[in-house]
Amino acid sequence: MSLVSLNEAEKVYIIHGVEENFRCDGRSRQDYRPLELEMDIVSNANGSARLRLANSDILVCVKVEIDSPFPETPKDGKIEYFVDCSANATPAFEGRGGEQLAAELSRFLYLAHSPVYNLSKLCIVPGQSCWKLFVDVLILECGGNLFDAVSLAAKAALCNTSLPNIVGTYEDGNNIDLQISDDPFDTKPLDARHLPVLVSLCKIGNNYVVDPTIEEEICGAGCIVVSVTPKGNVTAVLKKGAGSFMPDTLNEIILSGSHTGIVLNKALEETLIQDISSNVSKQQYGFLK
Amino acid sequence: MPTNVYRIQGPEGTIPYQQYLINKKNTKLNDISKALIKNVRYDGRDFLTHRQLCIKTGIVTQAKGSAYVECGHTKLVCSVFDPKEVPNKVEYAKTGELQCEFKFATFSCRQRRNYMRDPEERQLCNELRRALEPAICRGEFANFEIQINVLVLENDGSVLATAITAAGLALMDGCIPMYDVIVATSLGIYKNKILVDPTFDEETLCSTITEKEENRGTVMLAYMKNIQQITDFAQNGSINVNMFPEYVQTLIDQNCQLYKIVVSAARNDVIDYFENESQ
């Protein structure tokens, strides 16, 4: 994925550090790196968020459009995830390099969200028209732990999204005419508070660490990504890397991931509330720091 | 694996006629759900019973190793090709690579599948690769790659688990060195009930959205029995975190039973081979 290469001594140093519960950047095994979140930074999108997790930089924009529902689910809306690995993030993404990672990220995001996200809220006229959400994820910089960062940013962007209010519908035979309010502030927010976030736990030696850096990901034998809702339920699990796990270790990792996920969800929730309350006098930072 | 983009894809925007059947309400799923509440499975199986397996190895003559596995109505073919040098590769790789391809035949599911690879196939392909990577002695094939192809002929649930078991058999048939026999099973969870080896309908039922606080979803686990290693674990749905140890244990018990079947199939193959040779 990235061009970082480590020699044996560096790997041993990282592995021994993890054993002592003291990682290269001074964290303990269960610590997260600092997160920075800025909401509503793309004016043309219906909802957007930019998240910086140490050196990982993610921009997520949500656009809504009107579409007709699938014939098999006439009462449901649609949601689609696109991940774009920009070559700016790492030269490894150049050309078709990031394609596999992007496909995997978008598919897993869909799998994690689909068991809890009720698409019937996006219905306008059953069988005729519905909202379609395009969740576009842009990876601007890659500093490890992309799964967690992308899911946090996607949840923040979906919480920030609001759907325009529909004033009226006119039916003429089979044709439906929608009247949508042209006031940009006449909107209703999308409820996405219950969506899960992803927590990656990387197994290094006999221990596991949350929020692995790129270097730690290279040293790790395998990685488990757990998707955790605010209530602590698990909606999806994925194994990354070429390693294998003992049954007890796996159970322990999932349990620990769930605890971390609850804390992470809570922190995000608090940040979002703070963002809404300070909306009037908010200072915009954008992409310059 | 490059796909032929010039191939005619078939008409776009067609709708399966099943949508227009007079009995439009999806009563089959309701029937299954009602039966499950009464602790009966739709096909009359016990909750902890795996479907009957049919295993045949060495069916693709051009491949190094191959296996055909039927698990109830789920039918698939897996073939493994010799280790070969990776084309256009500059760096030296200490461990061999696995090149997997997971394909649903266009007619394998209820709804027609497209010829092009879709996101689900890509994901299943990744899962298959990750499940097999820890099982194969990849150190023996430095700088080489092994091609593993899975083609699903009929999809009636638990495709990934069946595919991993079939791939394990095909690798054994192809005499690729492995650390242990690899088998996989999946579970469906519906209203806190555990369904071993769910069918397609049961899987659909388990993946429906629930507003209530109950466990629902699917879990898949690939296991190497003798060295007690889980090589792949995949879950989807809404499940309480404290239920995982129970599910993992159930899956491991099921995999141990499956292991015996797979090993006895492999043993029969070896016996057949030597009998043929002596003649």
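Residue numbers start from 1 in every chain, and the chains themselves are labelled A, B, ... in the order their sequence lines are given, proteins ahead of strands. Note: hydrogens, waters and symmetry copies are ignored here, and every other heavy atom, side chains too, is used.
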- [ ] Determine yes or no for a side-chain-to-main-chain donor-acceptor pair under 3.5 angstrom, with Lys239(A) supplying the side chain and Thr231(B) the backbone.
- [x] yes

Task: Any donor-acceptor N/O pair, Asn236(B) side chain to Ala236(A) backbone, under 3.5 Å - done: no

If I compare all heavy atoms of [X] with all of [Y], which pair ends up nearest, and what's the gap?
X	Y	answer
Ser244(A)	Gln229(B)	OG-OE1, 2.7 Å
Glu133(B)	Gly241(A)	OE1-O, 4.2 Å
Pro134(B)	Ala242(A)	CG-O, 3.2 Å
Val248(B)	Pro247(A)	CG1-CB, 4.3 Å

So for [X], is it side chain, backbone, both, or neither that comes closer than 4.5 Å to the heavy atoms of chain A?
X	value
Ile252(B)	side chain
Tyr247(B)	neither
Asp232(B)	both
Asn242(B)	side chain
Arg129(B)	side chain
Glu120(B)	both

Open item on the list: Is Tyr110(A) in contact with chain B via its backbone, its side chain, both, or neither, using a 4.5 Å heavy-atom distance?
Closed with: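 Neither part.
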
Task: Heavy-atom proximity to chain B below 4.5 Å, by part of Asn251(A) - done: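 Side chain only.
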
Task: CD/Glu94(A): more than 12 non-hydrogen atoms of other groups inside 6.0 Å - done: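 Incorrect, the count does not exceed 12.
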
Open item on the list: Which one wins on heavy-atom pair count under 4.5 Å against chain B: Val234(A), Asn233(A), Ile224(A), Asn118(A)?
Closed with: Val234(A)

Task: Choice from Leu111(A), Leu255(A), Thr229(A), Val116(A) maximising heavy atom contacts with chain B below 4.5 Å - done: Leu111(A)

Open item on the list: Quick test of your reading of the model: are Glu127(B) and Arg107(A) salt-bridged, counting only N-O distances below 4.0 Å?
Closed with: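 Between Arg107(A) and Glu127(B) there is no salt bridge, as every charged N stays at least 4.0 Å from the carboxylate O atoms.
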
Distance, nearest 0.5 Å, that separates [atom1] of [X] from [atom2] of [Y]:
X	Y	atom1	atom2	result
Gln249(B)	Asp248(A)	CD	CG	8.5 Å
Leu250(A)	Phe244(B)	CG	CZ	8.5 Å
Leu119(A)	Ile209(B)	CG	CD1	6.0 Å
Phe245(A)	Gln228(B)	CZ	CD	16.0 Å
Ile230(B)	Met246(A)	CD1	CE	9.0 Å

Open item on the list: With heavy-atom distances below 4.5 Å as the criterion, would you say the side chains of Arg130(B) and Leu238(A) are in contact?
Closed with: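 Arg130(B) vs Leu238(A): side chains touch.
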
